[in-house]
Amino acid sequence: MFLAPVLKSSVIVTNNSNNEAEPTLRIAGIVPATRAEGPGSRLAVYVRGCSLACTGCTTPEWWSPVGAAMTVERFVEVASEAIETFELE
């Protein structure tokens with residue numbers, strides 16, 4: 001399975017209830033099954049916190065790191081469920 005690179009600015013570390021460091025993704029959006037992102041059906045994940053500020057960027061509203069956060073463990077659960085439910089490639 002191909003996984004797009006995630007910018008380091010999109011990953012933060014928070015403390016869980018046991019005060020242990022826990023990596024967290026800054027999520028802008030998740031599309032559980034799409035064919036618009038390339039051939040075949042796939043899970044699309046959009047993260048926040050891009051500091052590149054490319055000219056012509058189609059989603060400048062995602063440059064800010066402020067927004068929903070999801071633990072990596074929870075993200076794996078969501079992705080696994082989408083892969084199974086939608087028989088993703």
Side-chain angles (χ1 to χ4, degrees):
M1 176 191 309
F2 172 76
L3 295 177
V6 175
L7 296 172
K8 287 181 182 177
S9 59
S10 297
V11 179
I12 57 176
V13 176
T14 58
N15 291 331
N16 62 21
S17 60
N18 297 326
N19 204 27
E20 299 167 331
E22 188 169 60
T24 306
L25 291 170
R26 294 174 171 148
I27 302 292
I30 296 177
V31 180
T34 178
R35 292 188 171 273
E37 308 303 327
S41 186
R42 65 194 68 234
L43 171 76
V45 180
Y46 303 96
V47 294
R48 304 183 65 80
C50 181
S51 59
L52 298 178
C54 298
T55 303
C57 176
T58 60
T59 54
E61 63 275 16
W62 294 349
W63 292 354
S64 169
V66 177
M70 179 182 290
T71 64
V72 172
E73 181 179 353
R74 177 65 182 136
F75 170 74
V76 170
E77 291 172 2
V78 169
S80 296
E81 182 180 340
I83 290 167
E84 185 176 320
T85 301
F86 298 103
E87 299 177 354
L88 302 178
E89 300 168 6

Check: [Y] and [X] side chains under 4.5 Å, non-hydrogen atoms:
| X | Y | value |
| --- | --- | --- |
| Trp62 | Cys50 | no |
| Phe75 | Val45 | yes |
| Met70 | Ile30 | yes |
| Ile83 | Leu43 | no |
| Arg48 | Ser64 | yes |

Task: Where at least one partner belongs to residues 72-84, residue pairs that pass side-chain hydrogen bond (donor to acceptor under 3.5 Å, both in side chains), sequence neighbours excluded - done: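 Of all non-adjacent pairs touching residues 72-84, those that pass side-chain hydrogen bond (donor to acceptor under 3.5 Å, both in side chains) are Arg74-Glu77.
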- [ ] Report the residues that fulfil side chain to side chain contact (heavy atoms under 4.5 Å, CB included) with Ala44, sequence neighbours left out, ordered by chain and then residue number.
- [x]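 Ala44 satisfies side chain to side chain contact (heavy atoms under 4.5 Å, CB included) with Val31, Thr34, Glu37, Tyr46 only.
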Task: Heavy-atom pair with the smallest gap, counting every atom of Pro32 and Leu88 - done: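 The answer is O-CD1, 3.4 Å.
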TODO: For Ala53 and Trp63, work out which heavy atoms get closest and say how close.
DONE: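 Heavy atoms of Ala53 and Trp63 come nearest at CA-CZ2, 3.4 Å.
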TODO: Check the surroundings of atom CD in Glu61: do more than 12 heavy atoms from other residues, nucleotides or ligands lie under 6.0 Å from it?
DONE: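 More than 12 within 6.0 Å, yes.
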